[in-house]
Structure formats: structure tokens, C-alpha cells
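One structure is given here, and the rest of the page talks about it.
Residue indices begin at 1 and follow the sequence shown.
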Amino acid sequence: MPATEFQGTSSPLSNIGRSILAIRRDQVHSMEGTHEVTGLERELEAFQRQVTERFLQLSSGSSELLSLSWVRKLLDVFLCCQEEFRAILFNNKASLGRAPMDRLIGEFFERSVKALDVCNAIRDGIEQIRQWQKLLEIVPCALDNQRTLGEGQFRRAKKALIDLAIGMLDERDSSVSSVAHRNRSFGRNNASREHRSLGHFRSLSWSVSRSWSAARQLQAIGNNMTAPKANDIVASRGLAVAVFTMNSVLLFVMWALVAAIPCQDRGLQVHFSIPRNFSWAVPMLSLHDRILEESRRRDRRNACGLLKEIHQIEKCIGRMNELGDSVHFPLTEEREAEVRQRVQELGQVCQAIKSGLDPLERQVREVFHRIVRSRTEGLESMGRANHE
């Protein structure tokens, strides 16, 4: 089965933005003869437009795709969409307990619960990258000084690079097998952190079970996710469209996180089935195709994560190892200048990772808590609607 499948007839780009909500207006107009646009319809169309604009912005730049800054923008998009969707549900509480919304919103909340495990696994992946960063920082500490570079400094830097390469290779192997167990999650307080070796960290630090699989979790989130039928759109007064839109945003964001960040049993072959007449489908599926294309590149095919900074770490390891194997002591001025240039490049990568990981982790944590809060509020609203 292909990873992406378009449904519906093809149409020019100028027509793709036609709102799916027009289906409801057309049907209501044919039944009643006249129809005035309601506040709910304006709210739903504004939601479609905002999702489209945000994904167009995400897909506009090619150079920063899958970088730490891009992943943070992706999570910003999710949080904004989630908040707007939450407001729509809040403003239409009475509809949540009636068919078909009771079924559709219940399925959405089930998918949201599955996304919480992905958030926990991604946070573990961020912690893994942080451990790599600490090893990488040893290299500029050893080699970036004003003294003449000696053999002992090179041995220290080379040992750190070897440890880092082994750790990344170990992580690459774990991306296709379920290993290790971690007994913590966003729901627990973890104020104190111990400094551990990579091997000890791997054995104790994962928050998902040994059998957990990112690939299977993504498939579970996307399972039976289809565009709403016309009668459901009419019966829900268009709310079914908003639910499908948020389902698609949730699936794409979780899929992109798994693509970028190391996590257990990664897999990107998730079935996306989105009709072309959703205006946000084009930029979303364009990003999907570009990320898949990146994963198929020869130098990224077996990567433990497609994050741009991970690729930069791998390139730095390769360059420094090549340089280390070719140096002879004492260093000539020309060779020492080359070493210092490489160390400077490596230091820039370290700084980018160091400054980007903490804000990213906070965002993933916020996504987790926002999903929990939205689900709790939605279930309470459904319960009240059923008792009225």
C-alpha cells in the first residue's frame, strides 16, 4: 500500500482551496431553498483557512526542513490548531453528545491518547540527543585552546568521538527493534537527573515498554481515519470536518516527530488518505513527500533520526575521524589551522543543539499536557450533554 494516497478527482490548484464545508451549504440550500451563513460555519471555515495558512508557512522553506527550529515551528502549528479546535468544541458543547459527533469525537480522543505515548518516546529521544551533545562537547574542550595541540589532546577527543559513534550506532539498531524500558513519563516529576554513561542511560531511561513500537503506534493513530461522509457533515452542522482536520494534523505531527527524533522501532510507512478538496491537504502532503524523500537519501537511509542536527553530528564525526587518522605530531601550522577550523564547525553544531533541545522538550511537554486537558474537557462536555 502506498504511503500516501489521494482520493477524489484531480483539480487545478485554484480550485483545491474550495471549502469542503460548501457540501453542507449546498445540501441545506437544496432542502430549504435559502440559507444564510451561520456563525458556526464562519468559525469552521476560519479554522480550515488557518490550518492551511500554517501548513503553507511550514512548507515554504526547504533549507530548514527537519531542523530543530522547523520541528519547533511544527509543534507551534499543532498547539495553535489544537487551541482553535478546542474553542470550537467548547462553543458547541451541546452537539458533542449527539450522533455522529459522539462517535467522531470519541474516536479523536482515542487517537489523542495514543499520541501521548509518542510524546513520551520523543522526549526520551531528545534526552538521547542531549547525551550525544555532551560527548560531542568534549572534542572542542580538548582541542579548542590557545596552546599547541598535542597527542594527548587528540587521544581524548578521539575517544569521545568513538563513544559517540558507538552510541549513535546502538540507537540506530534500536530504531528497528524494541529494547529497554523506562519508568517515567510527563506525568511524573523528574527534578533530579544523574549523569550516566550512554549504555547505562539506554538501559534505564525509556518511558515506553519493551514491546512498544513507534511504527505500530502511528498506524493505530491513522487506523480507520477517513474523510467525513456528506450526511455526517450535514448532521453535525459541519463539525465533522473540523474533527477530520484535527485528526489529520495530529497524525501528521506525530509522524513527523517520529521521522525526526530517535525513538523505539521507527517506521514512516503510514497511510495518509486525504481528499484534494481540503485546502490544507496540498501543503501537508507536500511536506510528507519531502520528508519521505529525505529518508530515502543514501546517507540518511539508516539514520536513527532525520533531524538536520543529527546529520550534522554524523558528518562532524566523519570529518574529525578522517582528520585524526591523517595527522602526525608535531602538527604543521597548516594542519593545525585545519584542525581548529573543524573544531570551530563542531562547536557551532554543539551550540545549535544545546540552544534548541531545551525549548523543544518544553514544547513536547506542552503538547502532551494540552492533549490531556483538551480530552478531559471534551469528555466532561460530552457527559453533561448526555445528561441534559
Side-chain angles (χ1 to χ4, degrees), residues 2-21 44-85 115 118 122 218 221-222 225 227 241-242 244-261 266-297 300 303 305-312 352 356 359-360 363-364 366-367:
T4 305
E5 176 182 307
F6 289 104
Q7 292 181 343
T9 57
S10 177
S11 58
L13 281 176
S14 59
N15 294 329
I16 289 177
R18 178 181 179 270
S19 172
I20 194 87
L21 293 169
L44 293 175
E45 290 197 343
F47 179 54
Q48 297 292 304
R49 185 169 58 253
Q50 288 157 356
V51 172
T52 302
E53 289 171 356
R54 290 193 175 100
F55 274 92
L56 282 171
Q57 290 171 358
L58 267 182
S59 63
S60 61
S62 58
S63 59
E64 67 167 4
L65 180 68
L66 293 169
S67 64
L68 280 169
S69 61
W70 185 88
V71 175
R72 289 183 60 196
K73 289 178 183 177
L74 174 74
L75 294 182
D76 277 337
V77 166
F78 177 83
L79 290 170
C80 290
C81 293
Q82 175 75 11
E83 192 60 28
E84 289 157 6
F85 180 67
V118 177
I122 292 302
L218 290 173
I221 294 172
M225 199 179 81
V241 176
F244 177 71
T245 300
M246 200 62 219
N247 271 325
S248 301
V249 170
L250 177 72
L251 176 60
F252 178 81
V253 170
M254 293 301 124
W255 177 83
L257 285 174
V258 169
I261 307 294
R266 291 169 65 250
L268 303 185
Q269 297 305 313
V270 175
H271 182 58
F272 285 81
S273 182
I274 302 173
R276 281 181 176 267
N277 51 356
F278 284 97
S279 56
W280 43 263
V282 173
M284 183 183 288
L285 290 171
S286 171
L287 284 168
H288 173 269
D289 291 344
R290 286 164 59 190
I291 292 171
L292 273 185
E293 184 180 345
E294 182 72 14
S295 72
R296 292 169 182 149
R297 281 176 45 188
R300 309 294 285 138
L306 297 179
L307 192 71
K308 189 175 181 181
E309 284 76 7
I310 292 178
H311 190 38
Q312 291 173 337
L360 177 60
Q363 278 183 301
V364 175
E366 178 60 25
V367 167

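- The minimum heavy-atom distance between Ile310 and Gly305, with the atom names listed, is CG2-O, 3.9 Å.
- Using a 4.5 Å cut-off on side-chain heavy atoms (C-beta onward), Leu285 and Ile274 make contact.
- Smallest separation of non-hydrogen atoms from Leu68 and Gly356: CD1-CA, 4.0 Å.
- Side-chain contact between Ser279 and Arg49: absent, with no pair of heavy atoms (C-beta onward) separated by less than 4.5 Å.
- Here the closest heavy-atom approach between residue Pro359 and residue Arg72 is recorded as CB-CZ, 3.4 Å.
- A distance of 4.0 Å separates CE in Met225 from OG in Ser248, rounded to the nearest 0.5 Å.
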Using side chain to side chain contact (heavy atoms under 4.5 Å, CB included), reason through Val258 and Val270 one step at a time and then give a plain yes or no.
CA-CA 11 Å; Val258 169; Val270 175; over 6 Å; no
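- No side-chain heavy atom of Phe252 sits less than 4.5 Å from a side-chain heavy atom of Phe78.
- Using a 4.5 Å heavy-atom cutoff, the side chains of Leu75 and Leu360 are in contact.
- Considering only heavy atoms from C-beta on, Leu74 stays 4.5 Å or farther from Leu287 through its side chain.
- At a threshold of 4.5 Å between non-hydrogen side-chain atoms, the residues Val241 and Glu45 do not count as touching.
- When all heavy atoms are compared, the tightest approach of Ala115 to Leu250 is CB-CD1, 3.8 Å.
- At least one donor-acceptor pair under 3.5 Å links the side chain of Trp70 to the backbone N or O of Leu58.
- Residue Val71 forms a side chain to side chain contact (heavy atoms under 4.5 Å, CB included) with just one option from Asp76, Leu65, Ile122, Leu257, and that option is Leu257.
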Between Arg297 and Glu294, does a salt bridge (charged side-chain N to carboxylate O under 4.0 Å, His left out) hold up when you go through it step by step?
CA-CA 5 Å; Arg297 281 176 45 188; Glu294 182 72 14; 2.9 Å; yes
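- Atom CZ of Arg266 sits about 10.5 Å away from atom CG of Leu218, to the nearest 0.5 Å.
- The two residues Ala256 and Ile291 come nearest to each other via the heavy atoms CB-CD1, 4.3 Å.
- Counting only distance, with no hydrogens or angles, the side chain of Arg300 and the backbone of Leu306 share a donor-acceptor pair below 3.5 Å.
- Using bins of under 30°, 30° to 60° and over 60° for the plane-to-plane angle, the ring pair Trp255/Phe272 lands in the perpendicular bin.
- For the atom pair Gln312 CD and Ser67 OG, the distance stands at 9.0 Å (nearest 0.5 Å).
- Using a 4.5 Å heavy-atom cutoff, the side chains of Phe85 and Thr245 are not in contact.
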Do Met284 and Leu251 pass the side chain to side chain contact (heavy atoms under 4.5 Å, CB included) test, and can you show the C-alpha distance, the side-chain angles, and the key distance before you say yes or no?
CA-CA 11 Å; Met284 183 183 288; Leu251 176 60; over 6 Å; no
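- The main-chain N or O of Phe47 is never found under 3.5 Å from a side-chain atom of Glu84 such that the two would form a donor-acceptor pair.
- Between the NE2 atom in His288 and the CG atom in Leu268 there is a gap of 8.0 Å [rounded to 0.5 Å].
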Going through the checks in order, is the side chain to side chain contact (heavy atoms under 4.5 Å, CB included) test met by Val253 and Val77?
CA-CA 9 Å; Val253 170; Val77 166; 5.8 Å; no
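- Looking only at distances, no side-chain donor or acceptor of Ser286 sits under 3.5 Å from a matching main-chain atom of Val282.
- Side-chain contact between Leu79 and Gln82: absent, with no pair of heavy atoms (C-beta onward) separated by less than 4.5 Å.
- The two residues Ala227 and Phe278 make their nearest non-hydrogen contact at CB-CE1, 4.2 Å.
- Arg54 places no side-chain N or O within 3.5 Å of a backbone atom of Cys81 that could act as its donor or acceptor partner.
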Dump the intermediate steps for side chain to side chain contact (heavy atoms under 4.5 Å, CB included) on Cys80 and Gln50, then the final yes or no.
CA-CA 9 Å; Cys80 290; Gln50 288 157 356; over 6 Å; no
